[in-house]
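Just below is one structure, and these are the notes that go with it.
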Amino acid sequence: MKEIFQQRLLNWFEQNKRNLPWRNTQNPYFIWLSEVILQQTRVAQGLPYYLKFIEKYPTIQDLAKAPEDEVMKLWQGLGYYSRAKNMHYTAKYLTEIHQGQFPTSFEEIKQLKGVGQYTAAAIASFAFNQPVAVVDGNVQRVLARWLGINTDIKNKKIFQSHADALLNFEKPAAHNQAMMEFGAVQCVPQNPDCASCIMQDICYAYKNDLVRELPIRVKKPFKPEKKAYFYYIENEEHQILIRKRPNKGIWANLYEIPNTLNTELDLTLPAQYLEKGYLKHIFTHFILHITWLHYKIQKQDIVLSQNYEWVEIDKTDDFAYPVPVQKIITTIRNKKGLF
DNA sequence: AATTCGGGGGT
DNA sequence: ACCCCAGAATT
């Protein structure tokens, strides 16, 4: 059965694979970059970021010598910002400590910051053709349905052992990519077209009418909601107040306008604001209700704690912001002239 | 083993 | 409103 699956899978892959830029290379730097960008991210969303990164940083040395703020700005909007932070750290590490050489074994690759089990297996197999099986969300779905695995997909070990057993040792790179592509294109999460599937006659879920039930994903019962105020504070010199967030926690090392998310406001503001608005921001683990307020003040009337800085409104785009902060700035700035 | 970390697109 | 994506680090 294993050989039948492997052979059909590779045949299917040859005929149906998408032409993606990181598939036309064995450069470990490009492959690593693409894998980090694509962590928990759809190909369609990650693709433009990948193209931006390889254009701006054609080599790992280019990435290593870039300022972190510039890397974060290029990453803006992708989310999971620690990926960018770790990636930049690892680029510097490999350039300065490792002579710019990418490690070639799975074990060494997995030691790199920001590289876990999946990404290490992907790089080792794609770039160096090592026989290590990748397990991502796509692979888990394919395995769960084909074999009828009914344990929660959080139980990674179960899936890894099945993926290991199924790996094609002759062609690990093609096999791994084919597994993921099959999950992404054919064995999709919702309403897969099983009628056209080449694995139909050997698929446990299809034969037992369990396609809709597998894979099993245990979800958290509820998502908490928080409220916060965000303050667009403008002075008479057309500057606004921003600061860099701490290097840990949510939105690490991104820039923000004054706000009450997880903190008290450390500023004294006048009684009157110019306008206000509302924004809902949905995270994986909570919902944030944002009320934004637009103030105009005299620069001399405010005492700044040391890490705030005034920035020209026309230069605010040089900094990397969380998406809701960028939305507030863009919304208000685009009304310039009304006030 | 459970929680934290983002954002977007599909349905 | 819910799902889930080429997951990893931290607790």
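First the proteins, then the strands, lettered A, B, ... as listed; each starts at 1.
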Quick one: which of [options] gets closest to the side chain of [X]?
{"X": "A/Gln190", "options": "C/dC3, C/dA6, B/dG7", "value": "C/dC3"}
{"X": "A/Val323", "options": "B/dG6, C/dC3, B/dG8", "value": "B/dG8"}
{"X": "A/Asn138", "options": "C/dA8, C/dA6, B/dG7", "value": "C/dA6"}
{"X": "A/Pro322", "options": "C/dG7, B/dG7, C/dA6", "value": "B/dG7"}
{"X": "A/Pro324", "options": "B/dG6, B/dG7, C/dA6", "value": "B/dG7"}
{"X": "A/Arg42", "options": "B/dG6, B/dG7, C/dC5", "value": "C/dC5"}

Base, sugar-phosphate or nothing for [X]? Non-hydrogen atoms, less than 4.0 Å.
{"X": "A/Ile37", "answer": "nothing"}
{"X": "A/Gly46", "answer": "nothing"}
{"X": "A/Ser34", "answer": "nothing"}
{"X": "A/Tyr118", "answer": "base"}
{"X": "A/Lys113", "answer": "sugar-phosphate"}
{"X": "A/Ser82", "answer": "nothing"}
{"X": "A/Val139", "answer": "nothing"}
{"X": "A/Gln117", "answer": "sugar-phosphate"}
{"X": "A/Val36", "answer": "nothing"}

To the nearest angstrom, how far is [X] atom [atom1] from [N] atom [atom2]?
{"X": "A/Arg217", "N": "C/dC5", "atom1": "CZ", "atom2": "P", "result": "5 Å"}
{"X": "A/Arg212", "N": "B/dT11", "atom1": "CZ", "atom2": "P", "result": "15 Å"}
{"X": "A/Lys219", "N": "C/dA1", "atom1": "NZ", "atom2": "P", "result": "15 Å"}
{"X": "A/Tyr80", "N": "C/dC4", "atom1": "OH", "atom2": "P", "result": "14 Å"}
{"X": "A/Lys327", "N": "B/dG7", "atom1": "NZ", "atom2": "P", "result": "9 Å"}
{"X": "A/Ile123", "N": "C/dG7", "atom1": "CD1", "atom2": "P", "result": "13 Å"}
{"X": "A/Ile282", "N": "B/dG7", "atom1": "CD1", "atom2": "P", "result": "12 Å"}
{"X": "A/Trp251", "N": "B/dT4", "atom1": "CH2", "atom2": "P", "result": "16 Å"}

* Asked: Is there a side-chain contact between A/Leu38 and A/Val43 (heavy atoms, below 4.5 Å)?
  -> yes
* A/Gln40 vs A/Lys223, nearer the 5' end of DNA chain C by closest nucleotide -> A/Lys223
* Asked: More 5' along DNA chain C: A/Asn86 or A/Leu20, using each one's nearest nucleotide?
  -> A/Leu20
Measuring only the [atom1] atom in each nucleotide, how far is [N] from [M]? A whole number of Å is fine.
{"N": "C/dA9", "M": "B/dG8", "atom1": "C1'", "value": "23 Å"}
{"N": "B/dC5", "M": "C/dC4", "atom1": "C1'", "value": "16 Å"}
{"N": "B/dT11", "M": "C/dA6", "atom1": "C1'", "value": "22 Å"}

Got more than 12 heavy atoms from elsewhere within 6.0 Å of [atom1], [X]?
{"X": "A/Lys171", "atom1": "NZ", "answer": "no"}
{"X": "A/Phe106", "atom1": "CZ", "answer": "yes"}
{"X": "A/Glu55", "atom1": "CD", "answer": "no"}

* Asked: Can a cation-pi geometry be assigned to A/Lys52 and A/Tyr49, taking NZ or CZ under 6.0 Å from the six-membered ring centre and within 45° of the ring axis?
  -> yes
* Structure fact -> Sorted by position of nearest nucleotide on DNA chain B, 5' first, the leading residue of A/Ala44 and A/Lys220 is A/Lys220
* Sort out the partner of B/dT11 for me: Watson-Crick or G-U wobble, both distances under 3.5 Å, none otherwise. => C/dA1
* Asked: Between the base of C/dG7 and the side chain of A/Thr119, is there a donor-acceptor distance below 3.5 Å?
  -> no
* Salt bridge flag under 4.0 Å for residues A/Arg245 and A/Glu256 -> yes
* Asked: Within less than 4.0 Å of OP1 or OP2 of C/dC5, is there a side-chain N or O belonging to A/Arg141?
  -> yes
* To do: Look at the side-chain N and O atoms of A/His285 and state whether any lies under 4.0 Å from the OP1 or OP2 oxygen of B/dT4.
  => no
* Is a side-chain donor-acceptor pair under 3.5 Å present for A/Gln15 with A/Asn11? -> no
